[in-house]
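Every chain is numbered from 1, with letters handed out A, B, ... down the list of sequences. As the structure is a computational prediction, the values presented were derived from the model and not from experiment.
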Amino acid sequence: MNMEKSKKIKTSDLSLIDEVLSRSVDSVFPSKEKLKKELLSGRQMRVYVGIDPTAPYVHLGHATNFFLLKRLHKLGHKIIVLVGDFTAMIGDPSDKNAARIRLTKSEVKKNLKTYKEQIGKILNFEDKKNPIEFKFNSRWLSKLTFTDLADIASNFTVQQMIQRDAFERRLRENKPLYVHEFFYPLMQGYDSVALGADIEIGGTDQTFNMLAGRTLVEKMQEREKFVITTTLLEDPITGEKMMSKSRGTGIGMNDVPQEMYAKVMRLPDSGLLQCFIDCTELTKEEIAHILKNPPRESKMRLAHEIVKIYHSEKEATKAQEEFVRVFSNKDIPRILPKVELAGKETLENILIKEGVVSSKSEIRRLVESGGLKDMQTGEKIQDPKIVVSGSLILKIGKKRFLKIVTRTQKKE
RNA sequence: GCGUCGGUGGCGGAGUGGUCAAUCGCACUAGACUGUAAAUCUAGCGCCUUCGGGCUACGGAGGUUCGAAUCCUCCCCGGCGCACCA
């Protein structure tokens with residue numbers, strides 16, 4: 001349409017556009033073809049990803065979306081990272097069979113602290129030519145009145161709302177479904193209106209909410225908002241989410257190198273390809289080449305690659321060496337948590353005080369199963385009540401270590 | 001408001017007067033095997049313990065009983081149906 005405004009599209013951009021439309025993309029609403037046409041027009045689009053500050057870290061599952069944003073940024077589009085500080089206080093009912101606990105203001109604020117830094121590992125917030133915006137939806141959502149809400153809500157029917165999977169299921173299973181849960185898609189949808197967004201990107205679990213925004217933009221602003229849903233990091237065999245806090249496999253962007261590396265190594269082999277596609281910027285060819293190696297080597301490469309993104313090449317290499325040292329060679333880690341003792345103390349008291357175990361029963365079980373080891377003698381500890389004097393290096397379970405040293409009394 | 005069914009461990013879900021710290025499944029932890037993968041096998045999975053046992057738990061508060069997660073009363077919370085809106 002707007003021939004004058006259209007830029008020339010470079011051939012390098014063409015392949016980037018193809019990547020935008022395919023890499024980690026599940027589906028595009030209304031269609032890939034229509035979006036492609038729009039992207040080829042050269043018009044600058046406003047693109048955003050919403051993220052809820054419900055945890056103090058951004059996990060690797062979100063990286064997929066930020067990489068997609070990065071590609072669009074390269075193409076010259078306007079990028080907005082939207083923090084759902086207001087919506088986080090309502091709780092997203094997506095994929096949950098019960099209403100999520102609502103967060104308080106201070107919890108949200110605490111979680112937010114390092115977000116920009118974490119996301120900044122992928123997106124360049126320093127870009128002066130086409131600055132990336134960082135916005136908070138409390139700016140507009142907290143100002144809406146009941147009248148506004150009624151207005152927004154009048155664009156949807158209850159029937160449309162209860163079509164949503166999570167809602168429908170709870171109705172069917174006679175589980176409580178609260179009225180305020182309907183607000184969530186409305187608010188998230190209104191974000192699109194407030195931002196004047198042309199494209200919203202999010203995981204497939206956000207489809208319903210994002211489409212609500214599509215409806216609102218259409219009704220309130222008479223324009224079209226595109227929705228791109230991205231694949232979730234799931235084990236293709238078990239269907240299990242790879243970034244799960246309950247399984248302890250959630251990898252935070254701010255995890256320290258060693259921990260990050262080890263966590264990647266703990267991911268199931270079957271999800272390797274997906275992780276490479278969604279969590280790194282390696283090309284298809286490079287990925288295919290890497291995956292020709294045995295799984296363990298491929299995974300080590302993945303771990304290295306990921307640590308490199310959030311830390312540095314040097315840190316990644318160090319983490320790798322440490323991993324080999326500790327887990328392949330069963331050696332003592334170079335750096336390990338240390339406790340200093342003033343006087344004599346029994347082992348079980350130390351471990352409880354350090355929060356390594358939560359009760360005496362727990363440590364007893366650990367000892368009985370042979371999960372507590374003295375790394376210097378290589379022997380299993382038989383009695384949790386032994387009095388510690390001098391120094392001791394402990395291995396607790398599979399992956400925890402603790403160094404205990406007794407301070408010499410004279411110096412005091 | 002009335003009626004009815006229900007509230008058990010991180011979750012799902014048994015148990016309806018004693019043998020119940022509570023079958024079982026999932027999740028989780030440890031051990032074996034390994035590549036800290038997966039799969040598999042074994043053990044554990046409220047707290048304390050001199051390893052005999054002790055203590056606290058089944059929405060909350062009382063009560064009945066030698067004895068209650070189980071029975072009764074009241075309260076709180078949820079589902080469903082009816083009523084209200086008409």
With 3.5 Å as the limit, what N/O pairs link the protein to nucleotides 84-86 of chain B?
none

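For the pair R170(A) and F167(A), the cation-pi test (distance below 6.0 Å, angle within 45°) is failed. A cation-pi contact, defined as under 6.0 Å to the ring centre and within 45° of the axis, links K116(A) to F134(A).
Of the candidate nucleotides U29(B), A37(B), G78(B), G78(B) has the atom nearest to the side chain of P176(A).
Within a heavy-atom distance below 4.0 Å of RNA chain B, the residues of residues 253-262 of chain A found are A262(A). RNA chain B is contacted by P295(A), R296(A), K299(A) of residues 292-307 of chain A, taking any non-hydrogen atom closer than 4.0 Å.
A salt bridge between D374(A) and K395(A) is absent, with no side-chain N of the basic residue lying under 4.0 Å from a carboxylate O of the acidic one. A salt bridge does not link E19(A) with K284(A): none of the charged nitrogens is closer than 4.0 Å to a carboxylate oxygen. Salt bridge E305(A)/R301(A): present, at least one basic N to carboxylate O contact under 4.0 Å. Under a 4.0 Å N-O distance rule, the pair E133(A)/K78(A) qualifies as a salt bridge.
Taking the salt bridge (Lys or Arg N to Asp or Glu O under 4.0 Å) definition, one finds that E234(A) meets it with nothing, sequence neighbours left out. Residues meeting the ring-ring contact (aromatic ring centres under 6.0 Å, His included) test with Y261(A), sequence neighbours left out: F323(A). Taking the side chain to side chain donor-acceptor pair (under 3.5 Å) definition, one finds that N137(A) meets it with T87(A), D191(A), sequence neighbours left out. Taking the side-chain contact (heavy atoms from CB on, under 4.5 Å) definition, one finds that T346(A) meets it with E348(A), N349(A), V387(A), sequence neighbours left out. Under the rule for a side chain to side chain donor-acceptor pair (under 3.5 Å), the partners of E281(A) that lie at least two apart in sequence or sit in another chain are K70(A).
A 6.0 Å sphere centred on NZ of K36(A) holds no more than 12 heavy atoms belonging to other residues, nucleotides or ligands.
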Could you list the donor-acceptor pairs under 3.5 angstrom formed between side-chain atoms of residues 286-293 of chain A and any protein atom two or more places apart in sequence or on another chain?
{"unit_1": "E286(A)", "atom_1": "OE1", "unit_2": "T283(A)", "atom_2": "N", "d": "2.8"}
{"unit_1": "E286(A)", "atom_1": "OE1", "unit_2": "T283(A)", "atom_2": "OG1", "d": "3.2"}
{"unit_1": "N293(A)", "atom_1": "ND2", "unit_2": "I290(A)", "atom_2": "O", "d": "3.1"}

Enumerate, atom names and distances included, each donor-acceptor pair closer than 3.5 Å involving a side-chain atom of residues 355-362 of chain A, sequence neighbours excluded.
{"unit_1": "S358(A)", "atom_1": "OG", "unit_2": "E362(A)", "atom_2": "OE1", "d": "2.8"}
{"unit_1": "S359(A)", "atom_1": "OG", "unit_2": "E362(A)", "atom_2": "N", "d": "3.2"}
{"unit_1": "E362(A)", "atom_1": "OE1", "unit_2": "S358(A)", "atom_2": "N", "d": "3.2"}

Practice problem: Any chance you could lay out the salt bridge (Lys or Arg N to Asp or Glu O under 4.0 Å) test for R296(A) and D269(A), step after step, and finish with the verdict? | Solution: CA-CA 8 Å; R296(A) 190 175 57 102; D269(A) 287 2; over 6 Å; no
Self-check item: Contact letters for nucleotides 41-51 of chain B, in which S counts primed atoms plus P, OP1 and OP2 and B counts the base, heavy atoms under 4.0 Å
Solution: ---SS-SBBS-
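Rounded to whole Å, the separation between the P atoms of G67(B) and G3(B) comes to 33 Å. Between the C1' atoms of G13(B) and G31(B), the separation comes to 29 Å (whole Å). To the nearest whole angstrom, the two P atoms, one in U49(B) and one in A14(B), are 36 Å apart. G46(B) and G79(B) are spaced 30 Å apart, taking the C1' atom of each and rounding to whole Å. Rounded to whole Å, the separation between the C1' atoms of C20(B) and U56(B) comes to 14 Å. With both ends at atom C1', the span from U23(B) to U16(B) equals 15 Å, rounded to whole Å. Separating the P atom of C24(B) from that of U42(B) is a span of 14 Å, rounded to the nearest Å. When the C1' atom is used for both G60(B) and C76(B), the distance is 7 Å, rounded to whole Å.
Screening I352(A), D383(A), L372(A) for a side-chain contact (heavy atoms from CB on, under 4.5 Å) involving L347(A) leaves a single residue, L372(A).
Applying the 3.5 Å distance criterion, the base of G78(B) shares no donor-acceptor pair with the side chain of N174(A).
Nucleic acid contact class of S328(A) (heavy atoms, under 4.0 Å, all strands): sugar-phosphate only.
Base orientation of G52(B): syn, the glycosidic angle falling within 90° of 0.
Stem regions for RNA chain B, each three or more consecutive Watson-Crick or G-U pairs with both distances under 3.5 Å and listed by first number, read B:1-7 with B:76-82, B:10-12 with B:24-26, B:28-32 with B:40-44, B:46-48 with B:53-55, B:59-63 with B:71-75.
Counting to the nearest Å, the C1' atom of G31(B) and the NZ atom of K398(A) are 9 Å from each other.
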